[in-house]
Amino acid sequence: MSQGIENKIIVITGASSGLGAETARHLSKLGATVVLGARRLDRLELLASELGLDPRAILRTDVTDRDQVQALVNRAIELYGRIDVIINNAGLMPSSMLDKLHVDEWDRMIDVNIKGVLYGIAAALPCMKKQKSGQIINVSSVAGHKVGPGGAVYAGTKWAVRAISEGLRQEVKPWNIRTTIVSPGAVDTELTTTITDKDIAQGMAKTYENAIPANTFARVVAFAISQPDEVDVNEILFRPTVQVY
């Protein structure tokens, strides 16, 4: 599995916990050099110490701020001269029924789940075009394939991630840049803690009773990165049964 991963420079957003942190751990074990961004710098510092990272390879990053995302990518380039992969992982899921009118939460999901991905693309794309190589991995969700009550806005953001990623895939082929969408189902992370609607939270807790470990996501990402450049790994959808399509 380490083939195609060793010595790659990989930037991960939302890396302070959950999917991002487990992916950082897994890719580091496989020989990648990771540069990590998240809002919670204290957690990033602990993770950097655990993984033996250069202290400069972490940066407080709020993905709703384009300048901060650009600074994270710039840090990778300053330290290592290039960026091979960016994983736009940061996300929120404060689901609620639309008639509750949690508009502030809708805005936050749009800012993090959609704009955060776009800012990651905007930050990494110029360097990848110049070096004529790279891979952009965007995290969608099974909610980006199927919508349920209470999940309209969250699902909308994840459908948007898939649409943006597909458009990107079609546009960047001339520069040998690959795009990958990963659409996880219920994974054991802190994602559900962002739900403020008590009824939705209760129902989601039942859904997540059989959640799969976050390191399953990390292995899927590693698979996508490890594929030869000529193999187009466009979208990976996996459900709690850990089936990979």
Side-chain angles (χ1 to χ4, degrees), residues 1-63 67-91 116-117 119-139 172 175-182 214-231 233 236:
M1 177 66 77
S2 63
Q3 184 177 4
I5 295 177
E6 193 170 3
N7 298 321
K8 282 198 170 178
I9 310 303
I10 301 176
V11 172
I12 307 173
T13 67
S16 61
S17 65
L19 303 182
E22 285 302 313
T23 300
R25 292 185 177 99
H26 189 62
L27 294 177
S28 294
K29 289 178 183 178
L30 295 177
T33 298
V34 296
V35 178
L36 309 178
R39 290 180 298 110
R40 294 175 293 188
L41 186 58
D42 56 338
R43 291 201 180 191
L44 283 181
E45 289 171 341
L46 290 173
L47 183 58
S49 177
E50 173 192 335
L51 300 179
L53 303 184
D54 184 324
R56 296 171 295 172
I58 60 170
L59 195 65
R60 187 187 184 281
T61 307
D62 182 340
V63 297
D67 290 340
Q68 291 188 31
V69 179
Q70 186 67 62
L72 177 64
V73 169
N74 289 349
R75 177 67 60 85
I77 297 169
E78 290 165 6
L79 290 175
Y80 305 111
R82 67 183 196 279
I83 173 174
D84 297 310
V85 182
I86 184 168
I87 304 172
N88 291 310
N89 163 72
V117 168
Y119 293 161
I121 293 169
L125 196 51
C127 179
M128 290 183 176
K129 284 179 63 178
K130 184 177 180 180
Q131 64 195 24
K132 291 185 171 58
S133 66
Q135 184 173 15
I136 298 173
I137 300 177
N138 296 328
V139 181
V172 298
W175 298 286
N176 192 37
I177 299 170
R178 291 193 293 170
T179 64
T180 303
I181 315 164
V182 183
N215 62 13
T216 302
F217 172 88
R219 293 198 300 272
V220 169
V221 169
F223 166 78
I225 296 172
S226 70
Q227 298 307 291
D229 288 342
E230 63 270 17
V231 176
V233 183
I236 300 173

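Throughout, numbering of the chain's residues begins at 1 and tracks the sequence. All values reported here derive from a predicted model rather than from experimental measurement.
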Inset, instruction - For residues Gly120 and Ile86, report the shortest heavy-atom separation together with the two atoms involved. - result: O-CD1, 3.6 Å
Inset, instruction - Please step through side-chain contact (heavy atoms from CB on, under 4.5 Å) for the pair Thr61 and Val69, ending with a clear verdict. - result: CA-CA 6 Å; Thr61 307; Val69 179; 4.2 Å; yes
Legend entry - Smallest separation among heavy atoms of Ala15 and Leu36, with atom names: CB-CB, 3.8 Å
Legend entry - Polar contact flag, side-chain donor to acceptor under 3.5 angstrom, Asn74-Gln70: yes
Inset, instruction - Check salt bridge (charged side-chain N to carboxylate O under 4.0 Å, His left out) between Asp54 and all other residues, then give those that pass, not counting sequence neighbours. - result: Arg56
Legend entry - Non-hydrogen side-chain atoms of Thr179 and Asn138 separated by less than 4.5 Å: no
Inset, instruction - Could you tell me the separation between the CD atom of Glu6 and the CG atom of Leu27, rounded to the nearest 0.5 Å? - result: 12.5 Å
Legend entry - Nearest-0.5 Å distance that lies between atom CG in Asn215 and atom NE2 in His26: 8.0 Å
Legend entry - Test applied, side chain to side chain donor-acceptor pair (under 3.5 Å); reference residue, Ser16; option that passes from Glu45, Arg40, Arg39: Arg40
Inset, instruction - Could you give me the CA-CA distance, side-chain angles and deciding distance for Phe217 and Val182, then say whether side-chain contact (heavy atoms from CB on, under 4.5 Å) is met? - result: CA-CA 8 Å; Phe217 172 88; Val182 183; 3.6 Å; yes
Legend entry - For Ser17 against Arg43, the heavy-atom pair lying closest together: CB-NH1, 3.5 Å
Inset, instruction - Write down the atom of Asn7, the atom of Arg82, and the distance for their closest heavy-atom approach. - result: O-NH2, 2.9 Å
Inset, instruction - Can you measure from CG (Leu51) to CG (Leu46) and round to the nearest 0.5 angstrom? - result: 11.0 Å
Legend entry - Note, Leu44 side chain near Arg60 side chain (heavy atom, < 4.5 Å): no
Legend entry - side-chain contact (heavy atoms from CB on, under 4.5 Å) between Leu47 and Glu50, worked out: CA-CA 5 Å; Leu47 183 58; Glu50 173 192 335; 3.8 Å; yes
Legend entry - Gap between atom CD1 of Ile225 and atom CD1 of Ile10 - 0.5 Å precision: 4.0 Å
Legend entry - side-chain contact (heavy atoms from CB on, under 4.5 Å), paired with Ile58, selected from Leu72, Leu41, Val35: Leu41
Inset, instruction - Enter the distance from Lys132:NZ to Lys130:NZ here, rounded to the nearest 0.5 Å. - result: 10.5 Å
Legend entry - Flag, side chain of Gln227 to backbone of Gly4, donor-acceptor distance under 3.5 Å: no
Legend entry - Nearest atoms (heavy-atom pairs only) where Val34 meets Ser28: CG2-OG, 3.5 Å
Legend entry - Backbone of Phe223 reached by a side-chain donor or acceptor of Ser226 within 3.5 Å: yes
Legend entry - Nearest heavy-atom neighbours spanning Ile136 and Leu125: CD1-CD1, 4.3 Å
Legend entry - Separation between CD of Glu22 and CD1 of Ile12, rounded to the nearest 0.5 Å: 11.0 Å
Inset, instruction - Using modelled atom types only, decide if a donor and an acceptor are shared between the side chain of Asn89 and the backbone of Thr13 within a distance under 3.5 Å. - result: yes
Inset, instruction - Determine yes or no for a side-chain-to-main-chain donor-acceptor pair under 3.5 angstrom, with Gln68 supplying the side chain and Asp62 the backbone. - result: yes
